[in-house]
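Notes follow once the structure below has been shown.
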Amino acid sequence: MSTGTPDILSAEFAADPYGAYAVLREEAPLLWHEGMQSYIVSRYEDVERVFKDQVFTTANYDWQLEPVHGKTILQLSGREHSVRRALVAPAFRGSELEQKFLPVIESNARELIDGFRGRGTADLVEEFATRFPIGVIVDMLGLDKADHARFQKWYTSIIAFLGNLSQDPDVTASGLRTKEEFAEYMIPIVRARRENPGDDLLSTLVTAEIDGETMSDEDVKAFCSLLLAAGGETTDKAIGSLFALLLQHPEQLQAVRDDRTLIPQAFAETLRFAPPVHMIMRQPAEDVEIGGGTVPAGSTLTALIGAANRDERRYKNPDAFDIFRDDLNAKNAFSAAADHMAFALGRHFCVGALLAKSEIEVGVNQLLDALPNLRLADGHTPAEKGVFTRGQAALPVVFDA
Ligand code: HEM
């Protein structure tokens with residue numbers, strides 16, 4: 001690493017990665033990071049290629065996630081991946097999503113908002129964002145919401161394991177413990193559901209069959225673990241960032257309040273400007289030329305989503321939050337044709353993108369209805385936290401009760 005290149009593992013970087021991203025894009029579009037033992041790319045065109053070109057395999061998840069989840073679709077490729085993905089994808093789109101899960105999304109949002117709508121103050125992160133998506137997934141799976149604290153502890157520990165860039169041994173140990181605890185909790189439930197299926201997503205998973213392929217108890221447990229982590233932490237961060245950004249741009253908040261059809265584009269611009277997941281790794285199957293250099297086969301390559309989404313080569317005035325920008329297509333933003341990188345692209349494009357969109361639409365609508373004259377609490381300046389995943393740690397607000 002050349003001197004003067006911002007170090008991803010430094011406190012300065014954690015405080016403000018965006019300035020460092022600009023330097024990386026300009027001066028070190030391909031960087032070897034000794035501490036992370038990884039190559040890094042930051043330009044839009046390179047990150048896009050890493051997600052789309054299958055020479056960049058997901059074998060990195062063998063060590064980055066398998067020890068805490070077991071094997072999941074993130075690690076699969078080719079036909080094996082498409083069959084497995086086809087087993088689960090229908091639950092996350094179209095009529096299944098609308099008829100079965102929209103009511104669950106609506107009731108989860110309402111229940112949480114009922115807890116503070118009469119009070120005039122709330123912390124939108126602590127009291128809403130960290131609870132809402134996980135409540136939705138737990139209800140979808142037909143698990144017990146009374147166990148919310150345990151689910152949240154588990155997914156936080158899994159995400160910390162995934163983003164353990166400095167290989168902190170405590171983080172590793174906590175992740176491995178989570179795998180044991182989650183298996184102990186989940187496997188008996190999976191078995192019982194197989195015996196006695198109901199109308200929930202877990203029953204769909206245990207009975208699903210495509211081309212004679214089904215999921216074992218272990219597969220189902222691993223997938224549930226992935227759902228809690230991939231769908232909990234990310235949507236949680238997205239809601240906090242969306243409100244923080246709108247509250248800091250009151251004219252855009254007013255526009256969304258007046259015209260709710262703007263919610264998807266406000267969400268899309270939030271995903272571009274402040275993506276919940278700032279980086280994703282890959283492992284090239286062969287030597288690859290990218291970013292002006294060569295990445296050897298089998299090495300780890302980190303694609304900086306947060307940097308690609310602010311690339312001046314792709315977006316005009318990229319450091320401005322503007323839900324009306326004309327170089328981000330909100331219609332495609334939740335499909336694999338998306339022109340931001342927050343859900344990745346290609347084969348592993350986020351299977352929960354439309355679910356996340358529904359959650360945001362319902363959550364934002366209900367919050368705006370319930371909280372008139374919403375503003376930041378006196379003295380609070382929103383601040384992002386995190387390097388691998390990133391979002392608001394707290395968002396205290398006031399409103400007319
Ligand atoms: C704003 C919210 C979300 C963001 C930013 C997000 C981000 C991502 C990203 C970046 C990936 C690609 C990982 C890779 O290529 O290595 C991904 C994949 C995935 N996401 Fe999401 N996600 C979100 C919401 C959700 C939700 C709500 C669910 C489900 C409950 C979900 C489930 C998944 C699954 C299962 C995959 C793996 C897909 C595959 O390997 O084919 N995500 N997500």
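Each ligand, and each atom within it, is numbered from 1 in the order the structure gives. We count residues from 1, following the sequence as given.
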* To do: Before accepting this row, confirm whether a basic side-chain N of the pair R313/E26 lies closer than 4.0 Å to the acidic partner's carboxylate O.
  => yes
* Given I8, which of L31, L304, T302 fulfils the side chain to side chain contact (heavy atoms under 4.5 Å, CB included) condition? -> L304
* Are Q254 and D258 close enough that a side-chain donor and a side-chain acceptor fall under 3.5 Å? -> yes
* First locate atom CZ of F223, then atom NZ of K71, and finally report the distance between them rounded to the nearest 0.5 Å. => 16.0 Å
Is there any protein N/O under 3.5 Å from an N/O of ligand 1, and what does the full list of such pairs look like?
from: ligand 1; atom 1: 15 (O); to: R282; atom 2: NH2; distance (Å): 2.7
from: ligand 1; atom 1: 16 (O); to: Y61; atom 2: OH; distance (Å): 2.6
from: ligand 1; atom 1: 16 (O); to: R282; atom 2: NH1; distance (Å): 2.8
from: ligand 1; atom 1: 40 (O); to: H348; atom 2: ND1; distance (Å): 2.7
from: ligand 1; atom 1: 41 (O); to: H81; atom 2: NE2; distance (Å): 2.8
from: ligand 1; atom 1: 41 (O); to: R85; atom 2: NH1; distance (Å): 2.7
from: ligand 1; atom 1: 42 (N); to: A230; atom 2: O; distance (Å): 3.4

* R85 and E80 ion-paired at < 4.0 Å -> no
* To do: For the pair D199 and K100, find out whether any cationic side-chain nitrogen is under 4.0 Å from an anionic carboxylate oxygen.
  => yes
